[in-house]
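Notes follow the structure.
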2 protein chains.
Amino acid sequence: MLTIGKLGAQARVKVPTIRYYEQIGLLPEAERSAGNQRLYSRKALERLAFIRHARDLGFTLEAIRDLLSLSDNPEQSCAAADAIARAQLAEVESRLARLTALKAELERMVVQCAGGKIADCRVIEVLGDHGHCMADHHRPVDSV
Amino acid sequence: MLTIGKLGAQARVKVPTIRYYEQIGLLPEAERSAGNQRLYSRKALERLAFIRHARDLGFTLEAIRDLLSLSDNPEQSCAAADAIARAQLAEVESRLARLTALKAELERMVVQCAGGKIADCRVIEVLGDHGHCMADHHRPVDSV
DNA sequence: CTTGAAGCTATAGTTGCTAGAGACATTAGG
DNA sequence: CCTAATGTCTCTAGCAACTATAGCTTCAAG
């Protein structure tokens, strides 16, 4: 049995984050020691590793909740999990496209800034005028 | 003079967002009509367009605050604005790299899911096991 | 002159954590 | 065995950057 600190170290998840996951029901309530400290099994570590990995891949906690409920009921069809992963892939591809356009524009801005005064600064100028845009990146680029 | 709704439409910024920007001091307090409604000049529209564009490019509100104070003092050197833009570019490049790795893994997951039962589903399996990772994307991928 | 859209303020909610306070538990060293 | 340091507990509040709701007032069109 692992204490919360060891668990966090093994899964590379911070301790308050683990407690937060328990609070929102993503992790079951942990067993407790005589002194009321949380104790975790190897199974709990696997579940947390699953969550950590899915977060790294950009899944929201809601999507992870779905995936976990799928893996808790392994007799169902794989289609649902597949759909979640496909949706996630589409999202990632869209973000990639927008980020690429965005990178081009930032590079253009930086190159054009010739080290003069603000008054001539292309960074400021480009930011002030949509007409200078080369690409259609005009949708919120919020989260990976 | 524009009402807040017209301003929002022209800059493609939602009305509550404009009020929020005023509240946090990113926009100056607007003039008011006799009936206490906010009125905006063309200058205000430009400032809001600047913010909108910078947000699209992924600048934080804090970075935008800095850029705006630079553009309010056009006699200074351009170096600070350039530094902000360069930092943003570096951030975007790092996100691009991680997203690309992530996309590869999601594709692999989707391909491997052959439409069977969850018990054989690679989506779940890959997410549960860091050993399956092909790329080093194991850093928080939080925001674009 | 009426009615419906648009505006106002204020507050609370969102996502995914992170940080702090103050109290109790555990462990390593002397 | 005692103590000091570290770890853990609960609870609350805070972060970014909005978004939504409620309950009101104002404005513009017909």
Side-chain angles (χ1 to χ4, degrees), chain A residues 1-27 29-40 44 48 50-68 88 91 95 139-144, chain B residues 1-27 29-40 44 48 50-68 87-88 91 95 98 139-144:
Chain A
M1 287 305 216
L2 301 164
T3 59
I4 197 170
K6 312 288 180 194
L7 179 75
Q10 294 217 21
R12 267 123 75 237
V13 174
K14 286 180 191 145
V15 168
T17 304
I18 298 171
R19 290 197 277 245
Y20 168 72
Y21 287 163
E22 177 179 316
Q23 191 192 308
I24 64 169
L26 210 56
L27 291 176
E29 292 197 9
E31 288 179 61
R32 298 301 181 113
S33 71
N36 198 35
Q37 302 197 345
R38 289 175 181 80
L39 293 178
Y40 295 92
L48 184 56
F50 182 106
I51 295 170
R52 162 77 211 261
H53 199 174
R55 288 294 297 136
D56 280 352
L57 287 170
F59 290 88
T60 65
L61 293 183
E62 263 329 289
I64 293 170
R65 206 187 286 277
D66 291 348
L67 286 169
L68 281 169
Q88 197 62 26
E91 181 62 24
R95 285 172 186 176
R139 296 157 53 205
V141 178
D142 20 77
S143 124
V144 173
Chain B
M1 286 304 214
L2 303 164
T3 59
I4 197 169
K6 311 288 179 195
L7 180 74
Q10 294 217 22
R12 270 125 71 235
V13 174
K14 286 179 192 148
V15 167
T17 303
I18 298 171
R19 290 197 277 247
Y20 168 72
Y21 286 165
E22 177 179 317
Q23 190 191 308
I24 64 169
L26 209 56
L27 291 176
E29 292 196 9
E31 287 178 63
R32 298 299 181 114
S33 73
N36 197 37
Q37 302 197 345
R38 290 176 180 79
L39 292 178
Y40 296 93
L48 184 55
F50 182 106
I51 295 170
R52 164 73 213 260
H53 197 174
R55 287 293 297 136
D56 279 352
L57 286 170
F59 289 87
T60 64
L61 292 184
E62 263 328 289
I64 293 169
R65 205 186 287 276
D66 292 346
L67 287 168
L68 281 169
Q88 190 62 23
E91 181 62 25
R95 285 173 186 174
R98 279 181 284 156
R139 298 157 53 207
V141 178
D142 20 76
S143 118
V144 172

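Here is the naming used below: chain letters follow the sequence lines, and residue numbers restart at 1 for every chain. Only this structure's heavy atoms are used, side chains among them; waters, hydrogens and symmetry mates stay out.
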B/Glu29/B/Arg38 ion pair, N-O < 4.0 Å: no
Would you indicate which nucleotide in D/dA17, C/dG16, D/dC18 comes nearest to any side-chain atom of B/Tyr21? D/dC18
Here the distance between atom P of D/dT12 and atom OH of A/Tyr20, to the nearest Å, is 17 Å
Separation of atom CE in A/Met1 from atom P in D/dG7, rounded to whole Å: 21 Å
B/Gln23 CD - C/dA10 P separation (whole Å): 9 Å
Heavy atoms of B/Leu39 and B/Arg32 approach each other most closely as CD1-C, 4.3 Å
Take atom CG of B/Leu39 and atom P of C/dG7, then tell me their distance rounded to the nearest Å. 11 Å
When you measure from the side chain of B/Arg38, which nucleotide among C/dG16, C/dT9, D/dT19 comes out closest? C/dT9
Any chance you could measure B/Leu67, atom CG, to B/Leu61, atom CG, to the nearest 0.5 Å? 11.5 Å
Any side-chain N or O of A/Thr3 below 4.0 angstrom from OP1/OP2 of D/dT8? yes
Grab the CD1-P distance between B/Ile18 and C/dA6 for me, whole Å please. 14 Å
Expressed as a whole number of angstroms, how long is the span from A/Leu26:CG to C/dG16:C1'? 11 Å
Check every atom of D/dA17, C/dG7, D/dT8 against the side chain of B/Val15 and return the nucleotide holding the closest atom. C/dG7
Using heavy atoms and a sub-4.0 Å distance, could you list which residues of residues 29-37 of chain A are near DNA chain D? By number, please. A/Arg32, A/Asn36, A/Gln37
What is the minimum heavy-atom distance between B/Lys6 and B/Leu2, and which atoms define it? CB-CD2, 4.0 Å
Nearest 0.5 Å, please: how far is CZ in B/Phe50 from CD1 in B/Ile64? 7.5 Å
Length of the NZ-C1' vector between A/Lys6 and D/dT6, whole Å: 11 Å
Take atom CD of A/Glu31 as the centre, draw a 6.0 Å sphere, and report whether it contains more than 12 heavy atoms from other residues, nucleotides or ligands. no
Does a side-chain N or O of A/Lys14 approach OP1 or OP2 of C/dC17 to a distance below 4.0 Å, or not? no
Which part of the nucleic acid, if any, lies within reach of B/Arg19 when heavy atoms closer than 4.0 Å are counted: base, sugar-phosphate only, or nothing? base
Take the protein atom CZ of A/Arg52 and the nucleotide atom C1' of C/dG16, then report the distance between them rounded to whole Å. 14 Å
If you round to the nearest 0.5 Å, how far is CG of A/Leu48 from NE2 of A/His53? 13.0 Å
Looking only at side-chain atoms of B/Thr17, point me to the closest of D/dC9, C/dC8, D/dT19. D/dT19
